[in-house]
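Below you'll find the structure I mean.
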Amino acid sequence: MLRGEKRMNVLDELKTRGFIENTTHDKELEDYLNNGNATMYVGFDPTASSLHVGHLIPIMSLAHMQRHGHRPIALVGGGTARIGDPSGRSELRQMMTYETIEGNVAGIKKQLSHFLDFTGGKAILANNADWLAKLEYIPFLREIGRHFSVNRMIKFESYKQRLHSDEGLNFIEFNYMLLQSYDFLNLFDTYSCRLQMGGSDQWGNIVAGIELTRKMRQETVFGMTFPLITKSDGSKMGKTAKGAVWLDPEKTSPYEYFQFWVNTQDGDVAKFMKLFTFLPLDEIVTVETFQDADINLAKTILAYEATKLAHGEVEAKKALAAAASMFGSREIPATLLPASTIPRKALQTSTSVPSSSLDAAELAQGIPAFKLFVSTGLCTSGGEAKRLIKQGGASINDTKITQFDQMITAGNMDDGTLLLKAGKKRFHKITITQ
RNA sequence: GGAGGGGUUCCCGAGUGGUCAAAGGGAACAGACUGUAAAUCUGUCGACGGACGUCUUCGGAGGUUCAAAUCCUCCCCCCUCCA
């Protein structure tokens with residue numbers, strides 16, 4: 001995407017791709033980014049050991065910045081997590097132990113390095129625990145606290161909501177804004193970082209940091225917020241039944257991750273390509289008119305590119321192959337999104353479907369079908385497995401199971417394996433060991 | 001410190017002694033329809049070798065009762081108002 005004569009400037013690119021909801025100081029910010037060598041940061045809360053799909057917007061925006069020659073800072077909130085941000089939350093966060101937080105920080109740092117190049121100072125990975133943890137209460141209040149008006153703070157949306165709710169706002173959370181503002185000031189001092197980006201719920205905190213820097217340093221720094229990404233049906237993007245879609249392959253396998261993207265709704269394909277891949281905009285535009293089978297090819301490309309970014313090319317190819325063997329595969333024309341590196345030939349082989357092995361002796365005695373569905377993890381209880389079978393959603397090697405206690409024996413094997421299918425999209429392969 | 005309100009199954013939320021494994025909604029799951037989409041319709045939705053039955057669940061611990069989510073005692077947590 002770096003080829004081409006007329007390269008867009010970052011701001012335009014981010015705008016066109018749908019990353020920007022709001023910015024402060026439009027003109028000055030544009031100048032700042034156009035003059036090269038800008039430094040900007042996004043904060044990531046280590047509330048879990050892994051980032052999830054919802055974090056891709058900030059991650060991708062930092063990646064775009066880096067591609068345009070700027071220096072992004074990924075700030076992991078190891079310090080602020082000890083407080084808990086009330087913004088956009090209807091209730092007090094569960095307090096996390098320091099050990100949990102540090103564990104989460106480590107996990108998140110690892111993932112960020114898949115998307116950003118931290119070598120040679122091209123990007124910076126920081127943890128605000130490094131400066132927040134050693135703050136002293138009285139000096140902090142005297143130097144920082146005095147710049148904050150409570151009258152003003154309680155007017156911010158992030159607090160207002162909670163002030164009027166039954167849950168209330170706890171004092172510890174009330175301080176979050178001061179700490180995040182202090183982060184910005186600190187990054188400005190240390191790295192001349194002049195831009196903070198964040199979700200739209202961060203607007204108040206970002207603005208507070210801008211004001212603090214102005215008051216204490218008489219310098220102008222900027223803010224930018226991302227829109228809340230919703231699906232075309234209006235629901236929040238990135239959550240599924242099982243909760244968030246994680247970037248950690250241990251929590252969400254590359255295959256599931258791939259499937260998540262393939263299952264994108266029609267109306268969201270082009271939008272998601274703009275946001276979650278680096279495919280060139282002029283190619284993505286063509287997707288907007290696709291329908292029927294073609295839109296599914298576009299979804300495959302979206303899934304492949306997104307999986308490649310998060311898990312690497314090898315895993316992306318495996319996931320693609322696994323999906324192909326489950327759902328079939330079609331050749332993808334070279335003219336379709338030509339910038340994508342997806343393998344375009346129709347595929348046959350299956351590789352990374354969840355699998356387990358079973359002893360041949362055990363199978364020889366026969367195993368009731370529903371037990372097999374439980375032991376493979378396809379169902380969480382015998383009752384659930386029976387229900388699945390009763391409803392006609394279970395099959396083994398493409399033969400529908402009609403009786404929950406049907407005995408499965410070596411006779412059901414096909415090519416030495418049992419392919420269990422629960423519903424249309426969940427599979428499990430059992431290989432038989434002698 | 002005082003007064004009041006509240007903690008119910010994944011979420012919201014009804015339920016004030018048996019008819020409660022607990023209304024209703026959402027989410028989810030399965031089926032039909034499809035394009036591995038959405039929408040719609042139907043069914044399911046604590047566990048247990050399926051109906052009957054048994055066991056576990058309504059903040060925690062005890063107690064009353066033939067019977068407790070419901071009554072009593074103590075404790076924990078949250079919120080509101082007053083100080």
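Order of the sequence lines fixes the chain letters, A, B, ..., with proteins taken first and strands second; residue numbering starts at 1 for each chain. The structure displayed is predicted, hence computed values, not measured ones.
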Q) Now, which nucleotide makes the Watson-Crick or G-U wobble pair with B/rU44, with each of the two distances under 3.5 Å? A)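 When the pairing criteria are applied, B/rA28 turns out to be the nucleotide that pairs with B/rU44.
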
Q | Partner set under salt bridge (charged side-chain N to carboxylate O under 4.0 Å, His left out) for A/Lys274, not counting sequence neighbours | A |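 With sequence neighbours excluded, A/Lys274 shows a salt bridge (charged side-chain N to carboxylate O under 4.0 Å, His left out) to A/Glu288, given in chain and number order.
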
Q. What distance, rounded to whole Å, do you find between the two P atoms, one in B/rG59 and one in B/rG15?
A.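 15 Å, rounded to whole Å.
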
Let me have the donor-acceptor pairs involving side chains of residues 394-405 of chain A, under 3.5 Å, with sequence neighbours excluded, atom names and distances please.
| residue | atom | partner | partner atom | Å |
| --- | --- | --- | --- | --- |
| A/Asn397 | OD1 | A/Leu419 | N | 2.9 |
| A/Asn397 | ND2 | A/Asn412 | O | 2.8 |
| A/Asn397 | ND2 | A/Thr417 | O | 3.2 |

Q) Hey, mind stepping through A/Gln202 and A/Gln180 against side chain to side chain donor-acceptor pair (under 3.5 Å) and telling me if it holds? A) CA-CA 10 Å; A/Gln202 294 300 310; A/Gln180 187 166 329; 3.1 Å; yes

Q.
I need a per-nucleotide contact map over nucleotides 45-53 of chain B, read 5' to 3'. Cutoff is protein heavy atoms under 4.0 Å; write B for the base, S for backbone only, - otherwise.
A. S-SSBB---

Q. Starting at CG of A/Asn170 and ending at P of B/rC77, how long is that distance when rounded to a whole Å?
A.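 Computing the A/Asn170:CG to B/rC77:P distance gives 13 Å.
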
Q.
Measure CH2/A/Trp261 against C1'/B/rA37 and give the value in whole Å, please.
A.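 Going from A/Trp261 (CH2) to B/rA37 (C1'), I get 15 Å.
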
Q. If the C1' atom of B/rA69 is compared with that of B/rG46, how far apart are they to the nearest Å?
A.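 It works out to 15 Å between them.
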
Q: Any strand is fair game: report the nucleotide pairing with B/rA51 by Watson-Crick or G-U wobble, both distances under 3.5 Å, or none.
A: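 Checking every strand shown, B/rA51 finds no partner, since no pair has both distances under 3.5 Å.
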
Q) Can you tell me the Watson-Crick or wobble partner of B/rG4, both distances under 3.5 angstrom? A)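 Because both required distances fall under 3.5 Å, B/rG4 counts as paired with B/rC79.
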
Q) Expressed in whole Å, how much space separates the C1' atoms belonging to B/rC48 and B/rA39? A)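 My reading of the C1' atoms in B/rC48 and B/rA39 gives 38 Å.
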
Q.
In whole Å, measure the gap between the C1' atoms of B/rA30 and B/rU80 for me.
A.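 Taking atom C1' in both B/rA30 and B/rU80, they lie 45 Å apart.
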
Q: Would you mind pulling out the nucleotide paired to B/rU65, Watson-Crick or G-U wobble, both distances under 3.5 Å?
A: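 When the pairing criteria are applied, nothing turns out to pair with B/rU65, so the answer is none.
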
**Q.** Under the salt bridge (charged side-chain N to carboxylate O under 4.0 Å, His left out) test, residues paired with A/Glu313 that sit two or more places apart
**A.**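 For A/Glu313 the salt bridge (charged side-chain N to carboxylate O under 4.0 Å, His left out) partners, ignoring immediate neighbours, are A/Lys317.
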
Q | Test ring-ring contact (aromatic ring centres under 6.0 Å, His included) applied to A/His70 - qualifying residues, sequence neighbours left out | A |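 With neighbours one apart ignored, the set is empty.
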
(Q) Would you measure the distance from the P atom in B/rU56 across to the matching atom in B/rA37 and give it in whole Å? (A)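 Rounded to whole Å, the distance is 42 Å.
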
Q: With sequence neighbours excluded, tell me which residues meet ring-ring contact (aromatic ring centres under 6.0 Å, His included) with A/Phe148.
A: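 A/Phe148: no ring-ring contact (aromatic ring centres under 6.0 Å, His included) contacts found.
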
Q: Both distances under 3.5 Å, Watson-Crick or G-U wobble: report the partner of B/rU56, or none.
A: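 Result: none.
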
Enumerate the protein-to-nucleotides 31-36 of chain B contacts in which both atoms are nitrogen or oxygen and the separation is below 3.5 Å.
| residue | atom | partner | partner atom | Å |
| --- | --- | --- | --- | --- |
| B/rC33 | N4 | A/Lys424 | NZ | 3.0 |
| B/rU34 | O4 | A/Lys424 | NZ | 2.7 |
| B/rG35 | O6 | A/Asp266 | OD2 | 3.2 |
| B/rG35 | N1 | A/Asp266 | OD1 | 3.2 |
| B/rG35 | N1 | A/Asp266 | OD2 | 2.6 |
| B/rG35 | N2 | A/Asp266 | OD1 | 2.5 |
| B/rG35 | N2 | A/Asn296 | OD1 | 3.0 |
| B/rG35 | N2 | A/Lys299 | NZ | 2.8 |
| B/rG35 | N3 | A/Asn296 | OD1 | 3.3 |
| B/rU36 | O2' | A/Asn263 | OD1 | 2.7 |
| B/rU36 | O2 | A/Gln259 | OE1 | 2.5 |
| B/rU36 | N3 | A/Gln259 | OE1 | 3.1 |
| B/rU36 | N3 | A/Gln259 | NE2 | 3.4 |

Q) How would you list, by chain and number, every residue that makes a ring-ring contact (aromatic ring centres under 6.0 Å, His included) with A/Phe118, sequence neighbours excluded? A)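 With neighbours one apart ignored, the set is empty.
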
Q: Rounded to whole angstrom, note down the C1' distance from B/rU44 over to B/rC10.
A: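 Roughly 16 Å separates the two C1' atoms.
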
Q: Return the set of residues passing side-chain hydrogen bond (donor to acceptor under 3.5 Å, both in side chains) with A/Thr23 (not counting sequence neighbours), or none when no residue passes.
A: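 Partners of A/Thr23 by the side-chain hydrogen bond (donor to acceptor under 3.5 Å, both in side chains) criterion, ordered by chain and then number, come out as A/Asp26.
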
Q: Mind calculating the distance between CG (A/Asp294) and P (B/rA37) to the nearest angstrom?
A: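 One finds 17 Å between P of B/rA37 and CG of A/Asp294, rounded.
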
Q.
Tell me which nucleotide, if any, is Watson-Crick or G-U wobble paired with B/rA38 when both distances must be under 3.5 Å.
A.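 Paired with no nucleotide.
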
Q: Taking the six-membered ring for Trp and the single ring otherwise, decide whether the centroids of A/Phe258 and A/His311 are under 6.0 Å apart.
A: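 So the answer is no for these two rings.
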
**Q.** Distance under 6.0 Å and angle within 45° of ring axis: A/Lys421 vs A/Phe427
**A.**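 No, A/Lys421 does not lie over the aromatic ring of A/Phe427.
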
Q) Under the salt bridge (charged side-chain N to carboxylate O under 4.0 Å, His left out) test, which residues partner A/Arg152, sequence neighbours left out? A)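 A/Arg152 satisfies salt bridge (charged side-chain N to carboxylate O under 4.0 Å, His left out) with A/Glu211 once adjacent residues are dropped.
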
Q) What distance, rounded to whole Å, do you find between the two C1' atoms, one in B/rU34 and one in B/rA51? A)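 Going atom to atom, C1' in each nucleotide, I get 35 Å.
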
Q) Roughly how far apart, to the nearest Å, are B/rA21 and B/rA47 at atom C1'? A)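 Nearest-Å result for B/rA21 against B/rA47 at atom C1': 11 Å.
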
Could you list the protein-to-nucleotides 20-22 of chain B atom pairs, N/O on both sides, closer than 3.5 Å?
none

Q | Residues in salt bridge (charged side-chain N to carboxylate O under 4.0 Å, His left out) contact with A/Asp266, at least two apart in sequence or another chain | A |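 Checked A/Asp266 against salt bridge (charged side-chain N to carboxylate O under 4.0 Å, His left out); matches are A/Lys299.
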
